Amino acid sequence: MMTFMRMMWGKSFPTPLQRTSIHVSIFARLIHNNTQLSPPIETKQNHSVNHAGNAPVLDCCLSPDGSTVFSVGADKAVRMWQLGQAPPNNVPQQIGSHDEPIKSVRFIQSLNMIVSGGYDKQLKFWDARQPTAAATFQLPERVYDLDVSTNLMVVACAGRHILTYNVQSTPQEYQRKESPLKFQTRCVRAFPDDTGYAVGSIEGRVGIQYVAKVPGKESFAFKCHRDGNNVYAVNHIAFHKGYGTFSTVGADGIVNFWDKDNKQRLKGFPAIHRTITCAEFNPQGNMFAYASSYDWSKGSSHHAPNTPNDIFVHYVQDDEIKPKGKKTGFR
């Protein structure tokens with residue numbers, strides 16, 4: 001069973017999503033001085049809920065005010081959990097469903113709706129107060145990942161399909177195209193300014209794509225998370241809302257900070273010698289949380305059941321994530 005995780009920042013804490021349940025916890029470990037781990041600190045699990053039948057949870061997100069968690073999983077259900085409340089039988093309220101397991105979920109603030117994408121090749125929009133989907137879009141393939149910025153939604157599907165939508169009012173498909181990367185898509189994230197998106201793949205490569213012409217900027221791709229002939233999956237991308245710079249984390253256990261506009265790596269951190277599955281900046285951009293668990297990129301033969309599932313927090317220094325000026329290319 002693969003462990004899927006999503007980092008979610010609330011007002012003062014991240015919510016890690018684990019395999020069969022959702023936990024609201026404080027940090028597992030802290031990082032200081034960029035390279036050294038502090039000793040483990042005491043952790044306290046504040047709340048925990050499960051999907052029906054302990055089905056794997058595949059994704060989750062928070063409402064804008066941080067009071068509600070929306071989650072999806074292998075039970076084919078979209079669920080809503082009001083933090084601080086104990087749901088009946090410890091299973092959050094179901095507000096929607098798909099015909100197959102659901103891979104991704106996001107809250108669209110401009111519509112006050114939840115969007116979910118599943119392996120049934122469907123994209124569904126939900127009003128938590130209504131029992132049926134407000135809208136359903138057919139997709140060319142299964143959903144692997146999706147993301148929403150202010151008015152831009154991007155959906156990455158199997159078969160390297162990528163679709164973008166305008167969600168300023170009524171959701172409308174804007175564009176569909178093939179990924180600029182040659183191998184399977186692993187993750188996708190919309191730019192904070194809605195001008196485009198970044199897509200990562202299993203081949204250790206990231207594509208920077210603009211959805212419309214932006215003066216002085218062109219789409220491009222670059223290699224990352226590689227060591228000689230060894231190529232590692234880009235498991236997650238996260239944007240810094242203040243500077244528009246971003247992070248990548250990968251199966252090589254490395255965190256990188258990047259500046260897409262000036263085409264340079266801002267910071268590379270030492271490997272933690274375990275795969276990193278997901279990461280996120282907090283809203284203020286001064287803390288960066290990332291989670292480590294096995295991502296199955298090397299198959300079942302490399303799975304060590306006793307490998308811990310840890311959450312790390314790095315206190316971001318401004319000079320690590322702030323653009324430094326023009327360079328001729330990534331290095």
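These numbers were taken from a predicted model, which means no experiment stands behind them.
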Cation-pi check, K217 to Y210: give yes when NZ or CZ is under 6.0 Å from the six-membered ring centre and within 45° of the ring axis, no otherwise. no
Is it true that [Y] and [X] share a donor-acceptor pair across their side chains at a distance under 3.5 Å?
| X | Y | answer |
| --- | --- | --- |
| S116 | W126 | yes |
| H314 | E320 | yes |
| H236 | R186 | no |
| H51 | S71 | yes |

Any idea how F288 and Y290 line up, ring-wise: parallel (<30°), tilted (30 to 60°), or perpendicular (>60°)? tilted
Aromatic rings F246 and F222: how do their planes relate, parallel, tilted or perpendicular, breaks at 30° and 60°? tilted
In the hydrophobic clustering that connects Ile, Leu, Val, Met, Phe, Trp and Tyr at side-chain heavy-atom distances below 4.5 Å, which members other than I254 occupy its cluster, ordered by chain and number? none
Pairs involving residues 164-184, ordered by first then second residue, that meet ring-ring contact (aromatic ring centres under 6.0 Å, His included) (sequence neighbours left out): F137-Y165
Run the ring-ring contact (aromatic ring centres under 6.0 Å, His included) test on Y243 and F257 for me, step by step, so that the C-alpha distance in whole Å, both residues' side-chain angles and the decisive distance to 0.1 Å come before the verdict. CA-CA 12 Å; Y243 292 126; F257 291 170; over 10 Å; no
Going by side chain to side chain contact (heavy atoms under 4.5 Å, CB included), L123 matches just one of T136, L146, L163. Which one? L146
Output, in order, the C-alpha distance, side-chain angles, deciding distance and verdict of salt bridge (charged side-chain N to carboxylate O under 4.0 Å, His left out) for K267 and D319. CA-CA 9 Å; K267 180 77 176 180; D319 61 359; over 6 Å; no
Just grab all the salt bridge (Lys or Arg N to Asp or Glu O under 4.0 Å) pairs involving residues 244-253, residues at least two apart or on different chains. none
Could you name each residue pair satisfying salt bridge (Lys or Arg N to Asp or Glu O under 4.0 Å) that touches residues 149-170, not counting sequence neighbours? R160-E178
Mind checking side-chain hydrogen bond (donor to acceptor under 3.5 Å, both in side chains) for K241 and listing every partner two or more places apart, or none if nothing turns up? none
Is any NZ, NE, NH1 or NH2 atom of the basic residue among D120 and R142 found under 4.0 Å from an Asp or Glu carboxylate oxygen of the other? no
Presence of salt bridge, D147 and R106, under 4.0 angstrom: yes
Identify every side-chain donor-acceptor pair in residues 85-95 under 3.5 Å, counting partners at least two apart or on other chains, and give the distances.
| unit_1 | atom_1 | unit_2 | atom_2 | d |
| --- | --- | --- | --- | --- |
| N90 | ND2 | S48 | O | 3.1 |
| Q94 | NE2 | G96 | O | 3.3 |

